[in-house]
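One structure below.
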Amino acid sequence: MMRALYSSVSGLKTHQTKMDVIGNNIANVNTVGFKSSRTTFSTMMYQSLSFASGANVDTGKGGVNSKQIGLGATFASTAVDIDTGGASESTGKAFDLKLSDKNSTSFYIVNTGTENVFTRAGAFYVDGAGNLCMESTGYQVMGWQVDANGNIRKDTVSPLRIMSAENQTSNPEYTTRAVCSGILDDNNSNVNSDKGYAMNLKIYDNLGYAYTAKFAAQKLDEKGQYTINLTDILDSNGKSILTQDTVRLDQLWGGGQGSSVDITDNYKVADGMGNALGAIVDQMNTTNGNLTYNFSSDYLNEIFAPDAKSQKLPSGLTAQLTISADGQTRTLQIVDGNNAPFDITNYNQPIAWIDTANNNISKTTTVQERLQEMYTAGQLTTETTTNPDGTTTSITIVSADQINALAQELGFAGTCPTTPRIIYTPAAAGGTASLGGEGGATVTGFDLNTFFGHSQTINLFDAQYLNQGYITITGEVVNDRGVFTTDVPKDAEIRYVRGEGGAWSYTVVTPSTDGYRAQFSTADGSLTYIGSEGNKTQTLRLSNFQLQDNPFSDIEIDFSTLKNLSNGGSSTAAMAGGNAGEGEGKQVGTMIGLSVDQSGRIYGSYSNGNTTLLGQIAVARFANASGLESIGENCYRTTMNSGQFDGIGVEMDSDGSTIDSGTLEMSNVDLATEFTMMITTQRGYQANSRVISTSDSILEELVNLKR
């Protein structure tokens with residue numbers, strides 16, 4: 001009877017242990033990464049009352065089994081259901097990480113400060129020192145570091161300090177590539193102006209400082225031709241960086257195919273420097289003994305060849321008149337847009353009013369010549385009268401207004417009355433032209449004969465014309481004098497016009513060599529070339545800066561997508577750093593975010609758009625993961641039966657497994673199973689207690705036999 005009591009006691013103990021395991025499972029039903037356990041029982045020793053005997057052939061007696069009575073149950077083992085994953089809990093936090101296993105069970109490696117232990121609980125955070133740690137314990141998450149080339153070095157795991165001082169910022173990058181795209185419309189007012197159509201390119205140096213390279217596109221006379229000029233490079237404070245350095249605009253950009261772009265609006269004369277330009281010109285005259293006056297061919301044509309029939313100077317040329325300080329020596333030179341001499345004597349259309357041999361530009365105009373030109377152009381009125389004999393006579397009438405306009409143009413002093421009519425007789429073959437009023441060759445108060453014979457010589461050296469020519473002052477000179485509030489590029493030209501009566505004006509232009517010619521197809525508007533045949537890119541040669549430790553890199557600008565099309569008079573051409581996602585250049589960036597990909601790689605995102613690899617979370621796998629020892633705090637330690645950790649670990653996606661960011665692994669406790677197990681455990685406990693109470697009753701009856 002005592003055996004029954006003690007067997008039932010062992011049953012109570014084992015079922016109590018099972019309830020302890022069930023209770024622990026249910027208690028951790030919401031513990032992140034918790035793995036449920038189950039218990040197994042085994043029988044205790046058996047008491048043998050008799051041993052088994054075999055069959056006896058001689059006596060014919062059969063074998064007898066042994067007689068054994070069990071002495072109860074004992075707690076055999078707990079088995080952790082470590083291979084079954086828990087459900088996913090979405091949190092949205094970057095460092096809530098769930099291990100989604102494919103073939104093997106993986107564990108995060110964390111360090112307690114004295115040893116590496118393992119966990120499935122992926123609720124991590126970044127501590128004050130920048131280390132990735134467990135939220136619950138502060139244990140540091142272990143992984144692999146990044147080498148000097150930015151690649152993961154798979155070596156002995158170490159703490160992932162992902163927000164170290166060096167990781168807080170992302171290094172700047174200088175600009176190496178750019179693209180110019182959009183449309184240049186011939187009818188756009190800007191492309192036809194002296195200032196050109198402006199395009200800005202934002203660039204960066206190797207320290208992340210930003211600059212603005214300013215370009216201008218101008219339409220040329222020939223169909224489909226433009227020039228693309230560099231007009232300045234400004235720092236972040238709006239100041240030109242081309243003011244003191246030895247480099248010139250055309251050394252950075254251009255091959256002598258540009259034009260002089262008007263950049264006057266960018267510069268203002270400083271306070272107290274109103275007469276500075278005039279003083280510089282006077283000093284040039286005193287120092288050099290001469291001054292050079294420059295006249296554009298368009299201005300000369302306007303003065304010396306105003307009508308359609310006149311012989312005109314080709315557009316784009318400049319007449320340079322140099323006069324000595326005493327006014328006795330004069331030199332005339334015609335130059336092209338690159339300041340190269342232009343031989344006017346070999347030009348296919350002789351220009352009669354330019355006398356390079358005698359260094360003079362002049363033209364004598366007579367009333368007779370002007371009236372003949374007007375007659376030929378159909379600007380005079382023709383009247384037809386019928387004679388008594390029936391024949392007709394045609395006469396040409398010059399109005400008094402036309403006479404007075406010519407008189408004013410050619411400097412004739414008189415004023416012609418509005419009546420009578422004035423008749424112009426053009427020159428017949430072998431004859432001469434004449435001018436007379438009705439009733440005689442004179443008009444009261446106006447001498448037609450004198451007027452008809454009047455002439456005027458227009459000479460470029462006359463003061464009224466000479467003062468319209470500009471005198472060139474270099475940007476380097478005005479910068480030294482502080483003429484403008486902001487320094488100009490040192491090779492820019494300040495075109496100073498003295499004017500009449502002391503009035504003066506100025507224009508600031510770029511040199512005509514700081515550009516490339518862009519040729520577009522007249523068939524489809526696509527770019528044929530820029531600079532020379534076959535080129536659709538050009539280089540902004542910033543390496544030419546004569547600076548110690550030049551912070552710039554050359555920038556290749558791609559023009560292949562630029563088009564010359566009709567766009568309602570609107571041009572959309574623009575420049576942008578980078579091409580095909582490369583070479584844009586960047587400022588220094590500050591960290592604005594962290595993320596983890598499915599292989600455990602940790603990336604930092606920065607304000608300059610960079611994404612940098614900061615490290616990788618390594619995982620551990622074991623031959624017998626169930627053999628790990630649970631040490632509390634959601635962590636495990638290796639045992640002799642689990643297999644050992646090699647100190648390096650493996651990559652999570654090596655077998656197709658993933659780390660899911662923004663998600664936690666919930667407990668794998670199944671409440672339905674636990675409640676069912678709790679019911680069966682309760683029944684077992686109750687049954688064992690009934691055995692004890694029944695045995696007690698039997699013993700009580702046995703004791704009562706004595707009574």
Side-chain angles (χ1 to χ4, degrees), residues 33 93-171 591 593-606 610-623 625 628 634-638 642-665:
K93 294 178 62 178
F95 287 117
D96 281 348
L97 306 175
K98 177 179 181 292
L99 296 172
S100 297
D101 295 313
K102 188 74 171 179
N103 298 312
S104 304
T105 303
S106 305
F107 296 85
Y108 298 112
I109 308 158
V110 294
N111 191 272
T112 65
T114 58
E115 64 174 331
N116 289 332
V117 295
F118 311 94
T119 184
R120 294 280 299 184
F124 302 139
Y125 82 113
V126 179
D127 69 6
N131 298 304
L132 187 62
C133 301
M134 289 182 68
E135 277 187 351
S136 57
T137 62
Y139 295 166
Q140 293 181 342
V141 180
M142 309 293 279
W144 300 312
Q145 308 301 327
V146 178
D147 63 19
N149 297 320
N151 300 316
I152 293 295
R153 184 181 68 255
K154 294 183 179 179
D155 201 346
T156 301
V157 293
S158 56
L160 290 170
R161 192 180 181 195
I162 59 176
M163 290 189 69
S164 60
E166 57 269 22
N167 289 340
Q168 293 298 304
T169 58
S170 174
N171 290 333
M591 184 180 287
L594 292 164
S595 61
V596 183
D597 71 7
Q598 291 190 332
S599 66
R601 287 181 172 86
I602 303 172
Y603 293 92
S605 300
Y606 298 86
N610 277 354
T611 300
T612 302
L613 180 60
L614 305 179
Q616 184 173 6
I617 298 172
V619 297
R621 295 186 181 129
F622 301 94
L628 292 170
N634 279 347
C635 294
Y636 302 89
R637 181 185 290 126
T638 58
S642 63
Q644 296 301 308
F645 173 57
D646 63 3
I648 298 175
V650 296
E651 196 167 357
M652 182 62 184
D653 59 359
S654 60
D655 68 344
S657 302
T658 60
I659 295 178
D660 299 331
S661 178
T663 305
L664 289 176
E665 180 183 11

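Residues: numbered from 1 along the sequence shown.
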Q. Which value, rounded to the nearest 0.5 Å, describes the distance between Leu97 atom CG and Asp660 atom CG?
A. 9.0 Å

Q. Taking side chain as C-beta onward, heavy atoms only, is Pro159 less than 4.5 Å from Met142?
A. yes

Q) Would Arg601 and Glu651 pass as an ion pair if we require N to O under 4.0 Å? A) yes

Q) Donor-acceptor pair, Gln616 side chain versus Gly143 backbone, under 3.5 Å? A) no

Q.
Tell me if a side-chain donor or acceptor on Gln598 pairs with a main-chain N or O of Ser661 at a distance below 3.5 Å.
A. no

**Q.** Note, Trp144 side chain near Ile648 side chain (heavy atom, < 4.5 Å)
**A.** yes

**Q.** Nearest-0.5 Å distance, OH of residue Tyr139 to CG of residue Asn111
**A.** 9.5 Å

**Q.** Closest non-hydrogen atom pair between Thr105 and Ala625, with its separation
**A.** CB-CB, 4.4 Å

**Q.** Shortest non-hydrogen contact between Val126 and Leu132, atoms and distance
**A.** CG2-CD1, 4.4 Å

Q) Which value, rounded to the nearest 0.5 Å, describes the distance between Phe118 atom CZ and Ser642 atom OG? A) 8.0 Å

(Q) Can you tell me how far apart OG (Ser100) and CD1 (Ile659) are? Round to the nearest 0.5 Å. (A) 9.0 Å

Q: Could you list all the salt bridge (charged side-chain N to carboxylate O under 4.0 Å, His left out) pairs where at least one residue sits in residues 95-120, not counting sequence neighbours?
A: Asp101-Arg120, Glu115-Arg637, Arg120-Glu665

Q. Within the distance-only criterion (no hydrogens, no angle test), does the side chain of Asn149 pair as donor or acceptor with the backbone N or O of Asn151 below 3.5 angstrom?
A. no

(Q) Going by ring-ring contact (aromatic ring centres under 6.0 Å, His included), Tyr108 matches just one of Phe95, Phe645, Phe124. Which one? (A) Phe124

Q: Work out which heavy atom in Met652 is nearest to a heavy atom in Arg621; give both atom names and the distance.
A: O-NH2, 3.0 Å

Q: May I have the step-by-step check of side-chain contact (heavy atoms from CB on, under 4.5 Å) for Leu594 and Leu614, ending in yes or no?
A: CA-CA 9 Å; Leu594 292 164; Leu614 305 179; 3.5 Å; yes

Q: Would you check if Asn116 and Val110 make a side-chain contact, meaning some heavy-atom pair closer than 4.5 Å?
A: no

Q.
What I'd like to find out is whether the side chain of Thr658 reaches to under 4.5 Å of the side chain of Asp653, using heavy atoms alone.
A. no

Q.
If I take atom OG from residue Ser164 and atom CG from residue Asn131, how far apart are they, to the nearest 0.5 angstrom?
A. 9.5 Å

Q: State whether a side-chain donor-acceptor pair under 3.5 Å links Thr612 with Asn610.
A: no

Q. What closest approach, in Å, do Gly150 and Leu613 show between heavy atoms, and which atom pair accounts for it?
A. O-CD2, 3.8 Å

(Q) For a quick test of reading the model, state the closest non-hydrogen atom pair linking Gln140 to Cys133 and the distance between them. (A) CG-SG, 4.0 Å

Q) Which atom pair, heavy atoms only, marks the closest approach of Tyr606 to Asn167? A) OH-O, 2.6 Å

Q) How long is the gap from OG on Ser104 to CG on Leu99, to the nearest 0.5 Å? A) 12.5 Å

